[in-house]
Peer 1: 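One structure, as structure tokens, below. Some questions next.
Lettering of chains follows the sequences in order, A, B, ..., and the numbering in each one begins at 1.
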Amino acid sequence: MTTPSSTSPDDAHLNGRSVDAGSTGNEPAGEAPLAAAAGGWHRAGGADLTQPKRRKRRKGGGGWGSGNREAAMVPDAEFSSYYGRQIVKTPTWKNPEVPLYLFLGGAAGTSSVLGALAEFTDRPTLARNAEYVAGAAALGSVVLLIDDLGRPERFLHMLRVFKPTSPLSVGSYILSPFSAFTSAAAGFRLLELAPLLKLGTKVLPFLPALARFFPGARKASAIAAAAFGGPMATYTAVLLSNTAAPSWHEVHTELPFVFAGSAMAAGGGITMALTPVAEAGPSRKTALTGVALELFMVNKVEHGHGLLSEPYHEGKAGTLMRAAKKATITGAAFTALLGRTRVGAVIGGTLLAAGSVMTRMGVFEAGIASTKDPKYIVIPQKERMAARKAGEAVAEDEARSVVR
Amino acid sequence: MTTVSSASPSLEGADSRNRLFGPLPDVSADAGYEEDHPSRVGFFTDTSVCIGCKACEVACKEWNTLPMDDSNGVLGQMGMSGMSYDNTGQLGANSWRHVSFIEQSRSVDLPMPTIGMPGADRHDHGHDHGANAISPQADSVLSAQTSVLNAEALSEFDPQTSVTGGDGGTQIRWLMSSDVCKHCTHAGCLDVCPTGALFRTEFGTVVVQGDICNGCGYCVSACPYGVIDVRKDDGRAFKCTMCYDRLTDGLQPACATACPTQSIQFGDLDELQARADARLATLKSQGVETARLYGRDESDGVGGVGAFFLLLDEPEVYGLPPDPIVTTRDLPAMWKAAATGAAMIVGVVASSFLGRRR
Ligand code: SF4
Ligand code: SF4
């Protein structure tokens, strides 16, 4: 099953029939002049070319027969497809579970690094909050990831092999130790609270005897967690990019930096909101640098890839991306201007976290959208073929002139 | 802990560029099989002789006991797709063969200097091509295929290239093509599967092990052809196995056995490739200028496929991607970017602790 929604009559219409319906107003494509390369064949009863949605058909574009096949080289060109159906499958990953997983992984990753460093720079409250955030978000990540499986009870099958070619395999080997160490650090902290220690002693009577080791164990766990924090925040970008979803794959060298920026904005923002301003300086700076990186890289993703940037502007994805930008910029402004007041820090941090969630959701939706329309497969791939051909021709020419 | 990727050696050294994509002379050996493994098998689907009977679809459903679904892949549903005679709609977890139907027309009274009536010149060329690539010691299946490929009768009654009909000099043809998993040389699905459920068989094909798959769905997103999918009520991924169970018993896949026109030919891949080249030459000589092989080129983005096609129009007309590239080709660049990003986070956080307190 491709798209859960494609069963609705509306979507079936979009997927299957709108092509024919859309062409009824045009002259029979059979009367158009014929292009030799295609042998003059076109879909009977209408054009076999799929029109870009919501765009007016160009004059004279009567099908392949128009001799206008190079038209496929410009972004809003017509192209052929099989009844307008999608070519690659839409990812089966759940929404909003998976975008939330991306967000939590980023927030947890950054927080773990913040927490570990705060431990050693005499910022006890920041360390405590960052460790709690990292532990809770990491556990949330594990739950979301398991929930996304078709067979959740087989989660541990992820750990029966290690495959560098599978980002999900690599990710499992990042998430497992990361969540173990972050929850250990948070756990030791909880045990340092008197009531909880009393509760724990009921189950494990030897706990008080070990209590003097807790701070050391906590610090060690925090450092170990921080070692996996960075990868935890960025591997998820590879997870999305290493697919056939055209708008994810196309931005594969930029998405890790979008996610890194978004992770710093979220992790910095959340810990800043929870921590007294006197200790929250590093969170503020991290968040602001993250915002700058995120905005810069998102701009590249949104504008640098022609047709494949389009899904980042349109529909649900576009709405989310725009909202994300607004929240992120407003949050950054609060942080920079009022971040040294408690209220300003809370508002700024909340907005930054919200921006990060929406960025992940927008990126997720854009990739999904790019699988649903065959134009995102056909047009860039035809361009790629044409460019290759042109390149070969140039190379041949050069070879010939060298010989001469 | 073992590594079972089609390409994982690439990340461990030796010629990293060529292990993630490009030609691979022996896929099974690359996956770790001993030298005496069987030769790589495949399908050559010659769509020029397909009559759209869907015998392959039915044989596949029967043999593999696949549940019914509609053209959008909804389990237990039946319905008309509105797409010609195609109510299967797509490949997916429950349809491992899919016959596509495209009705096309063209005007025949227009000047077409290079095309001519298909088959019009067949009496000059028809005998020279087709069978020459096939070995003389062919078994009975092979000779039947040979006779189909070489038969004068075929171009005489070829349902797709020589039907003249309609009015006012309009010519009609049907394109029919039985699509299937390509069993790629560099299979995206196999590369990304985190559990090792997807594996390369000794025959060079790509198969999911149902008892390992945990339904993560990564393969679904990674296939450049949109072949594999997760079955809703089951949760696991399913796709064509090239009848792995039949192959191990020395039988042909069900679809190839059922195909009445030898449109689906099963055999050793190198032999099929030679046969396909000959068939293409025959068609070209008969004036079918638009004939082309799809997936035959071993230097393409997936290193060539195990199940390739002879098409009569552009691939996208059949719903196939025109220039598929295995997504893992770019994986080293992605890991590099991710590692840089991760280092950046640590660097930024660390430097934020420097300087003025507060
Ligand atoms: S066609 Fe798709 S499902 Fe089949 S082997 Fe290739 S990548 Fe895997
Ligand atoms: S759904 Fe199954 S076969 Fe596909 S990648 Fe995940 S574990 Fe592998």
Peer 1: Assess whether a salt bridge exists between B/Asp313 and B/Arg173, defined as any Lys/Arg side-chain N lying under 4.0 Å from an Asp/Glu carboxylate O.
Peer 2: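 Result for this pair is yes, salt bridge flagged.
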
Peer 1: Taking every heavy-atom pair that is under 4.5 Å apart, which of A/Leu239, A/Leu240, A/Leu255 has the most such pairs with chain B?
Peer 2: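 Maximum pair count with chain B is reached by A/Leu239.
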
Peer 1: Where on A/Leu126 is there a heavy atom nearer than 4.5 Å to chain B: the side chain, the backbone, both, or neither?
Peer 2: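 Just its side chain gets close to chain B.
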
Peer 1: Side chain from CB out, backbone as N, CA, C, O: work out which of these in A/Ser172 comes under 4.5 Å of a heavy atom of chain B, or both, or neither.
Peer 2: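 When you check distances to chain B, no heavy atom of A/Ser172 falls under 4.5 Å.
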
Peer 1: Is A/Leu293 close to chain B through its backbone or its side chain, or both, or neither, when contacts mean heavy atoms under 4.5 Å?
Peer 2: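 Only the side chain of A/Leu293 comes within 4.5 Å of chain B.
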
Peer 1: Does any backbone or side-chain atom of A/Ala245 lie under 4.5 Å from a heavy atom of chain B? Answer side chain, backbone, both or neither.
Peer 2: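 For A/Ala245, backbone heavy atoms alone lie under 4.5 Å from chain B.
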
Peer 1: Do A/Trp93 and B/Tyr218 have ring centres separated by under 6.0 Å?
Peer 2: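 Yes, they do, as the ring centres are separated by less than 6.0 Å.
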
Peer 1: How about B/Thr327 and A/His249: does a side-chain donor come under 3.5 Å of a side-chain acceptor?
Peer 2: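 Yes, A/His249 and B/Thr327 have a side-chain donor paired with an acceptor closer than 3.5 Å.
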
Peer 1: Are A/Pro246 and A/Ile377 packed together at the side-chain level, in the sense that at least one heavy-atom pair is separated by less than 4.5 angstrom?
Peer 2: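 Result yes, sub-4.5 Å side-chain heavy-atom pair found.
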
Peer 1: Examine whether an atom of A/Val170 lies under 4.5 Å from a heavy atom of chain B, and if so say whether it belongs to the side chain, the backbone or both; otherwise answer neither.
Peer 2: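 Contact with chain B involves the side chain of A/Val170 alone.
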
Peer 1: Given the options B/Thr340, B/Val192, B/Asp86, which has more heavy-atom pairs under 4.5 Å with chain A than any of the others?
Peer 2: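 Ranked by contacts with chain A, first place is B/Val192.
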
Peer 1: Looking at every heavy atom in both B/Ser177 and B/Leu311, which two are closest together, and how far apart are they?
Peer 2: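 That closest heavy-atom pairing would be OG-CD2, 4.3 Å.
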
Peer 1: Look at B/Pro324, B/Ser351, B/Ala339 and state which one has the largest set of heavy-atom pairs under 4.5 Å with chain A.
Peer 2: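 Counting heavy-atom pairs under 4.5 Å, the top option is B/Pro324.
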
Peer 1: Side-chain contact test, heavy atoms from C-beta onward, threshold under 4.5 Å: evaluate it for A/Leu168 versus B/Cys216 and give yes or no.
Peer 2: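 Result yes, sub-4.5 Å side-chain heavy-atom pair found.
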
Peer 1: Report the option among B/Val326, B/Ile228, B/Ile325 that has the most heavy-atom pairs separated by less than 4.5 Å from atoms of chain A.
Peer 2: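 With the most close heavy-atom pairs to chain A, the winner is B/Ile325.
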
Peer 1: With chain A, which of B/Ser84, B/Pro315, B/Cys219, B/Ala237 has the greatest number of heavy-atom pairs at distances under 4.5 Å?
Peer 2: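 Sorted descending by pairs with chain A, the first entry is B/Ser84.
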
Peer 1: Is the shortest side-chain N to carboxylate O distance from B/Asp323 to A/Arg388 below 4.0 Å?
Peer 2: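 Counted as a salt bridge, because a side-chain N and a carboxylate O are separated by less than 4.0 Å.
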
Peer 1: Tell me yes or no: between the side chains of A/Ser283 and A/Thr271, is some donor less than 3.5 Å from an acceptor?
Peer 2: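 Indeed, the side chains of A/Ser283 and A/Thr271 share at least one donor-acceptor pair under 3.5 Å.
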
Peer 1: Taking all non-hydrogen atoms of both residues into account, name the closest pair between A/Val88 and B/Pro224 and its distance.
Peer 2: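 Here A/Val88 and B/Pro224 meet closest at CG1-O, 3.5 Å.
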
Peer 1: Please classify the contact of A/Phe155 with chain B as side chain, backbone, both or neither, using a heavy-atom distance under 4.5 Å.
Peer 2: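 The answer is the backbone of A/Phe155.
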
Peer 1: Return the option, out of B/Cys193, B/Ala350, B/Gly188, with the maximum number of heavy-atom pairs under 4.5 Å with chain A.
Peer 2: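 Looking at each of B/Cys193, B/Ala350, B/Gly188 in turn, B/Cys193 comes out on top.
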
Peer 1: Most heavy-atom pairs under 4.5 angstrom with chain A, which of B/Ala333, B/Ala197, B/Cys213?
Peer 2: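 The option with the most such pairs is B/Cys213.
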
Peer 1: Chain B: which of A/Asp148, A/Thr243, A/Val378, A/Thr110 shares the most heavy-atom pairs with it under 4.5 Å?
Peer 2: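 Most heavy-atom pairs within the cutoff with chain B belong to A/Thr243.
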
Peer 1: What part of A/Ala116 gets within 4.5 angstrom of chain B, counting heavy atoms only: side chain, backbone, both, or neither?
Peer 2: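 Contact with chain B involves no heavy atom of A/Ala116 at all.
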
Peer 1: For B/Ser100 and B/Tyr318, which heavy atoms make the closest approach, and how far apart are they?
Peer 2: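 Looks like OG-CD2, 4.0 Å.
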
Peer 1: Quick check for you: among A/Leu145, A/Thr234, A/Thr253, A/Val113, which has the greatest number of heavy-atom pairs under 4.5 Å with chain B?
Peer 2: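 The option with the most such pairs is A/Thr234.
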
Peer 1: What part of A/Met158 is in contact with chain B, defined as an atom under 4.5 angstrom from a non-hydrogen atom: side chain, backbone, both or neither?
Peer 2: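 Looking at A/Met158, backbone and side chain both touch chain B.
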
Peer 1: For chain B, which of A/Gly267, A/Ala244, A/Gly230 has the most heavy-atom pairs under 4.5 Å?
Peer 2: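 Answer, by heavy-atom pair count under 4.5 Å with chain B: A/Ala244.
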
Peer 1: So, are A/Arg151 and B/Asp234 salt-bridged, with charged N and O less than 4.0 Å apart?
Peer 2: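 Between B/Asp234 and A/Arg151 there is a salt bridge, with a charged N closer than 4.0 Å to a carboxylate O.
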
